[in-house]
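Structure, as structure tokens:
This is a predicted model, so every value here is computed, not measured. Hydrogens, waters and symmetry mates play no part in the numbers below; they use all other heavy atoms, side chains included. Convention: sequence-line order gives letters A, B, ...; per-chain numbering from 1.
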2 protein chains.
Amino acid sequence: MTVSPPLRRHFPDGVFSSDCPSRVVLDHVTSKWGTLVILALAEGEPLRWSELRRRAEGVSEKMLAQTLRTLEADGLVSRHARPVVPPHVEYALTARGSELAERMVPLMDWIADHAPAIVGDAEAAAATR
Amino acid sequence: MTVSPPLRRHFPDGVFSSDCPSRVVLDHVTSKWGTLVILALAEGEPLRWSELRRRAEGVSEKMLAQTLRTLEADGLVSRHARPVVPPHVEYALTARGSELAERMVPLMDWIADHAPAIVGDAEAAAATR
DNA sequence: CAGGATCCCCAAAGATACTG
DNA sequence: CAGTATCTTTGGGGATCCTG
């Protein structure tokens, strides 16, 4: 297998520095539930709270709320509440969030494709130990 | 708001399912230090333990060791120890790891570009509250 | 229905010291 | 230099109850 051209993308050292803003954003975006929420919304359709809860299987109400608030504060997700009863709230990606999602989808795609092989290897390694 | 080309990538539901292998890999790869290690190695050059420690600013010895072991078990990072004294150990991406890194670099690039604006927004939102 | 407020806890992270 | 071993700490996250 040919390893495509040497990556050689040099990040400004800042990315690795502990007080760089990237660290904060990176943490939000790569948080366990943040990733799943963004990916769920990446399909295009706005989703309601309860739909998101089902989609990100295993998320608690607290963590979903927390995740959504963080992503909203970061301007990645928009919240649209319609003043009806019972309440109807929809979440969607903002333009900025969509840009991010575009770069996240190929990653997730690759992971979904290779995950079985990867965990297989990990288990084999564990058995040898 | 026009959402750039309809993303519309539908993941097999499995990705969102709590017992899908993807979840495990996703957690390893998006872990705080896992991301930084992969990105550091994505520049192409193999790196030594101490170089990685400096690169991923703030990482403890314990977490670096743990992260490297996990990534190695996943077949994403290779470890090459030369039997000299003092010890000389180099870490590099495997072919599989490089494929992954290729998909991670654009994401990190985007984050590095937009992080300042994003945390700016978040702070503004916090102030308004 | 869509959350907010609380209490609680344990796995995971950090710090420190030691060693092949 | 490149780790392991051990101890301590913390905050992420779960469970539960409540309300607009």
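When atom types are taken as modelled, the side chain of B:Thr94 and the backbone of B:Gly75 share a donor-acceptor pair closer than 3.5 angstrom.
Considering all non-hydrogen atoms of both residues, A:Ala101 and A:Ala42 come closest at CB-CB, 3.9 Å. Residues A:Pro21 and B:Pro116 come closest through the heavy atom pair CB-N, 4.4 Å.
Only at 4.0 angstrom or more do the heavy atoms of residues 24-31 of chain B sit from any atom of DNA chain D, so none qualifies.
When the side-chain nitrogen and oxygen atoms of A:Arg48 are compared with OP1 and OP2 of C:dC1, none of them lie within a distance under 4.0 Å.
Two residues, B:Tyr91 and A:Pro87, neighbour DNA chain D, and the one matched to the more 5' nucleotide by heavy-atom proximity is B:Tyr91. Both B:Val89 and A:Lys32 sit near DNA chain D, but only B:Val89 has its closest nucleotide nearer the 5' end. Position along DNA chain C of the nearest nucleotide to B:Met63 versus A:Leu68 favours A:Leu68 as the more 5'-ward residue.
Within the helix from C:dC1-D:dG20 to C:dG20-D:dC1, the inter-axis angle between the opening and closing five-pair segments is 60°, rounded to 10°.
Atom P of nucleotide C:dA15 and atom CG of B:Leu64 are separated by 14 Å, given to the nearest angstrom. Atom pair A:Arg53:CZ and C:dA2:P shows a separation of 11 Å (rounding to whole Å applied).
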Validation: residues 28-36 of chain B side-chain donor-acceptor distances under 3.5 Å, sequence neighbours left out:
residue : atom : partner : partner atom : Å
B:His28 : ND1  : B:Asp74 : OD2          : 2.5
B:Thr30 : OG1  : A:Thr30 : O            : 3.3
B:Thr30 : OG1  : B:Leu26 : O            : 2.7
B:Ser31 : OG   : B:His28 : O            : 3.0
B:Ser31 : OG   : B:Gly34 : N            : 3.0
B:Thr35 : OG1  : B:Val29 : O            : 3.0
B:Thr35 : OG1  : B:Ser31 : O            : 3.0

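B:Arg103 meets the side chain to side chain donor-acceptor pair (under 3.5 Å) test with no other residue; sequence neighbours excluded. The side chain to side chain donor-acceptor pair (under 3.5 Å) test applied to A:Glu51 returns no partner, not counting sequence neighbours. In terms of the salt bridge (charged side-chain N to carboxylate O under 4.0 Å, His left out) criterion, residue partners of B:Glu61 (sequence neighbours excluded) are, by chain and number, B:Arg53. A:Ala65 is linked by a side-chain contact (heavy atoms from CB on, under 4.5 Å) to A:Trp49, A:Arg69, counting only residues two or more places apart in sequence or in another chain.
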| request: Evaluate side-chain contact (heavy atoms from CB on, under 4.5 Å) for A:Ser18 paired with A:Arg23, printing each intermediate quantity in order. | output: CA-CA 7 Å; A:Ser18 51; A:Arg23 280 281 185 98; 3.9 Å; yes
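Under the ring pair (Phe, Tyr, Trp, His ring centres under 6.0 Å) criterion, no residue pair touches residues 83-107 of chain A, with sequence neighbours excluded. Under the ring pair (Phe, Tyr, Trp, His ring centres under 6.0 Å) criterion, the residue pairs touching residues 92-112 of chain B are B:Trp110-B:His114, with sequence neighbours excluded. For residues 76-96 of chain A, the pairs satisfying salt bridge (charged side-chain N to carboxylate O under 4.0 Å, His left out) are A:Arg96-B:Asp121, with sequence neighbours left out.
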I'd like a list of close polar pairs between nucleotides 5-11 of chain C and the protein, N/O only, cut-off under 3.5 Å.
none

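From the 5' end on, the contacts that DNA chain D makes with chain A at under 4.0 Å to a non-hydrogen atom open and close at D:dG13 to D:dG20.
Atom CD1 of A:Ile118 sits about 7.5 Å away from atom CD1 of A:Ile111, to the nearest 0.5 Å.
Using a 4.0 Å heavy-atom cutoff across all strands shown, B:Gln66 reaches sugar-phosphate atoms only and no base atom.
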